[in-house]
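Take a look at the structure below.
Chain letters run A, B, ... following the sequence lines, proteins first, then strands; residues in each count from 1.
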Amino acid sequence: MVSAKVKETLSKVLFTAAAIICIVAVVTIFVFIVAKSIPALSKIGVFDFIFGDVWRPDKEDVYDQAINGKYGILPMIVGSIFSTVGAIIVGGVLGFFTAVFLARFSSPKVKKIFGTVINLLAGIPSVVYGFFGMYVMIPLFSGISPTADGSGLLVTSLVLGIMILPTVVALSKTSLEAVPQSYYEGARALGARHEQAVFRTVVPAAKSGITASVILGVGRAIGETMAVIMIAGNSPEYPDGLFGSFRTLTANIVLEMGYAGEVQMGALLSTGVILLIFIAIINLLFGLVMSDRKQHGSGRRHLREIKYDFSKAGKVLSWVTAGIVAVVLVLIIGFVFIKGIPHITPQLLFSDYKYGGEPSIGPAIVATLMLIVISILIAVPLGIATAVYLNEYTRRGSRMVKIVRSAIDVLSGIPSIVYGLFGALTFVVWFGNTTSILAGGFTVSIMLLPVVVRSTEESLKSVPDSFREGSLALGAGKVRTIFKVVLPSALPGIFSAIILAVGRVVSETAPLIWTMGSVIQPMPTGFLGGGATLAVALYALSNEYRYMNEAYATACVLMIIVLALNTAAGIIAYRLQRKLQGEKNVKRKKRY
Amino acid sequence: MYTTMAVILKGGKKVMKKIFAVILAITLLTGAFAFAACQPNDTIVVVGREASSGTREAFDKVVAKDGMTLEEYGNETNPDDDAESGYREGALYFTSTSGVASKVATGKNAIGYISLGSVDSTVKALKVNGTEPSTETVLSGEYPIQRPFVIMTSKTTALTAVAADFLNFLKSSTAQQIVTNEKAVSLTDEQQRNAPVTEYTPLTSAPQGDLTINVRGSTSMADLMDALVGKYIELNSWMQQSNFKIDLQGSSTGRSAVDADTVGNVIGMASSAEKADTPRNYFNIALDAVAVVVNPNSSLTQITLEQLFDIYTGNITKFSQLVG
């Protein structure tokens, strides 16, 4: 008995510790970046920095000298806001209706294929979206642009909108599917048509999950770097209509980090602070909106007479958006495969790289696997433990839950380039003062936490309380209930979380360039050695024009890997679910 | 497939109407695009590099009008001016040669500048002041926009045995052969190089001490350094690939890495000339031309430095102004 009690306490402590680590991570990143940016801000002046509209850094600057340059980032703030709003309009609307279509209107077969392809989209590195924007979208719009070039707000919004699609669709779909079938059946029983039941009952019930997916989408859009610098134009000006060169906050960091002097570096870190403040504001706003909704309970609204019924239009929109998304998916994937497939050779894939020799991504594949192992080993246990803590150990709405959840929201919003900056100045310094796979792994792990926590939480929520009650009633302890009943039931969701996480590791570029190294290198010699992942190799190959074909081939390989991962996970999830249901059926038979 | 057909058949007229509406909308949209695309627009799209780029430095130093270079114009103009360092409003900026080249290859109105070694069939290099960019015109100094590739080492810290040997190799005639292979302009004049061309004899066994060599600096020199390192390893079989740590983050990081070198194993690379009062040991391993490039379909074949100045500062915004 005593050992059971110890076990209970120990696991509670462990789960709590995981949640606390999440909070500590957020606080550390904030404090670190704010502290580093204070000297520059005091020199420039906070007001001049935020509201100045000219960005012309000094060429050589040190803190002891007076500054001549101008460090105003208002144009970049406006640029980031506009492009993010554009992305949300495009990706949010498309994503929401696609999710509704997949969850409630499509046939299971279509749903399975469509879902796989959208997950594939999540694994495409942002550099590839940049290529797509640059080679397909911009030439398309150049003809109608008054500046004779398609770069600018419109294309950036479209590309970012496509990029956030997988995030919005995956999470919205999960939460739509988690709505109890009885809600839908109840509506139908009261005489509602299928689309009415979906749009007026199921969708409102899934609101929190859908909102969460949009928050993640906003985070990804505002933090995107590598694709934006290829399509926005990057001039430090206000966005001038739908076309015209402009710069976002993240682009500002990545464009100038490499050569910044002291004050300029401080100004770039301050740009990071502004991004963090943005994320905090977004989270706060969403929090307010959500609590507002809860207060004005939905009961009253249902009694009100419905004047306009948009559910029919919603149904049509679902079909149309799903069609549009399908076309875009085919375009992007076709674009990469047609350009890349002919250049995939055994030499490119499997040989070790020799300096001065032909490009090879064999070492990059090994480095990617090593990075995946490290980051999954760190992020998945920590993330699942945090999710378990949030969902099983706390009352809903308690202060601790609020703090942890907002910490996770903030983490999910921090732009990857800021993680890269943080990792370069901490992990890289700790692990031998040189870029290494270990430093990259730690940096990426923090990024993965919110992905794992959020998806695990959603799937834990979908486990019916009766399972827990049943297990507890049969005399099982809390720990036993969690490990034997709750987690196994939530396994398919957890697997999808891991897949999302692996996809993210595989496709990230910005945080790794600074922590793992950005040069095509020979086989990694160990975890303390440097290496380029496939996505970074793709960036490096395309950065020096000569290897464009190999870059597309690498992009293909990346997508094939993501596809294989998804399929494997799908099979595992299906098997597990069947096994689970099988056991349940047996139990039921015994009972009756 | 069959389900879709069944839906269409079952839904009858209503669904047909919807499908028709969608098709109509798409047709109208495409029509609008096509119509707008037919309108001639000869606005010049100005493409440049980020402020730290060695390529940009070389370009801005030479492109001039009435005795004022783009660089001076950028430093002296009204600091409240919107555009970055003197370039006109609405200019596009990329952080790599590849970015500029891709933009020019896909945009029929774009003009940009890239390293001559990176010019291929997807872009067209213009004659500048009547001179074609080539090895001969760069060496003779006729082609105006050029810069050296610089190798730097610490002045205050003595190099390790292996780094010193690698530096000897870089100064050798063997290295010059690689330079030519990599489409850079081989430089042999001792004055211009700031070092004589020597003969390199490989070491038969590994020298004393740690074998690590850190190579840091310019992205423009990536391919060249890659090939040089490959050749060095080929000549010295005791040297491991993993002994080389290469990191490319731009010329200025190359300089600061050399300045911060306390071990004596940092080889810095910069793609713009070192100043006369430099605190580092250096020599110029090669020359490179900065080619002015446009889309292959452009009718433009040549340009003057004055015109480039006007284009990049925004005095000229249309191609028609160039021909006239």
Check: Is it the backbone or the side chain of B:Ile246 that comes under 4.5 Å from a heavy atom of chain A, or both, or neither?
Finding: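 Both backbone and side chain.
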Margin query: Less than 4.5 Å to any heavy atom of chain A: does that hold for the side chain of B:Tyr232, its backbone, both, or neither?
Written below: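 It is neither, since no heavy atom gets under 4.5 Å.
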Item checked: A:Ser142 portion near chain B, given a 4.5 angstrom heavy-atom threshold -> neither
Check: By a 4.5 Å heavy-atom criterion (distance strictly below it), what part of A:Ile138 contacts chain B: side chain, backbone, both, or neither?
Finding: side chain
Notebook entry, point to check: Given A:Glu237 and A:Arg247, is the side-chain contact (heavy atoms from CB on, under 4.5 Å) satisfied, shown in steps?
Noted result: CA-CA 7 Å; A:Glu237 302 164 37; A:Arg247 186 183 286 190; over 6 Å; no
Checklist line | For B:Asp210, side-chain hydrogen bond (donor to acceptor under 3.5 Å, both in side chains) partners two or more places apart | finding: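 Residues passing side-chain hydrogen bond (donor to acceptor under 3.5 Å, both in side chains) with B:Asp210: B:Thr212.
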Notebook entry, point to check: Among all residues two or more places apart in sequence or in another chain, which pass the side-chain hydrogen bond (donor to acceptor under 3.5 Å, both in side chains) test with A:Thr225?
Noted result: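 Once residues adjacent in sequence are excluded, A:Thr225 has no partner under the side-chain hydrogen bond (donor to acceptor under 3.5 Å, both in side chains) criterion.
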Next item on the list: Go through A:Gly150, A:Gly244, A:Ser151, A:Ala148 and name the one with the most non-hydrogen pairs under 4.5 angstrom from chain B.
Entry: A:Ala148
Item checked: Between OG on residue B:Ser272 and CG on residue B:Asp288, distance to nearest 0.5 Å -> 11.5 Å
Margin query: Checking the side chain of B:Asp60 only, and the main-chain atoms of B:Leu70 only, is there a donor and an acceptor separated by less than 3.5 Å?
Written below: no
Next item on the list: Flag the one option from B:Ile178, B:Asn109, B:Val229, B:Asn181 with the top tally of heavy-atom pairs under 4.5 Å to chain A.
Entry: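 Of B:Ile178, B:Asn109, B:Val229, B:Asn181, B:Val229 has the most heavy-atom pairs under 4.5 Å with chain A.
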Check: With chain A, which of B:Ile114, B:Thr106, B:Asn214 has the greatest number of heavy-atom pairs at distances under 4.5 Å?
Finding: B:Thr106
Margin query: Check for me whether B:Arg56 meets the cation-pi criterion with B:Tyr93, that is, NZ or CZ under 6.0 Å from the six-membered ring centre and within 45 degrees of the ring axis.
Written below: no
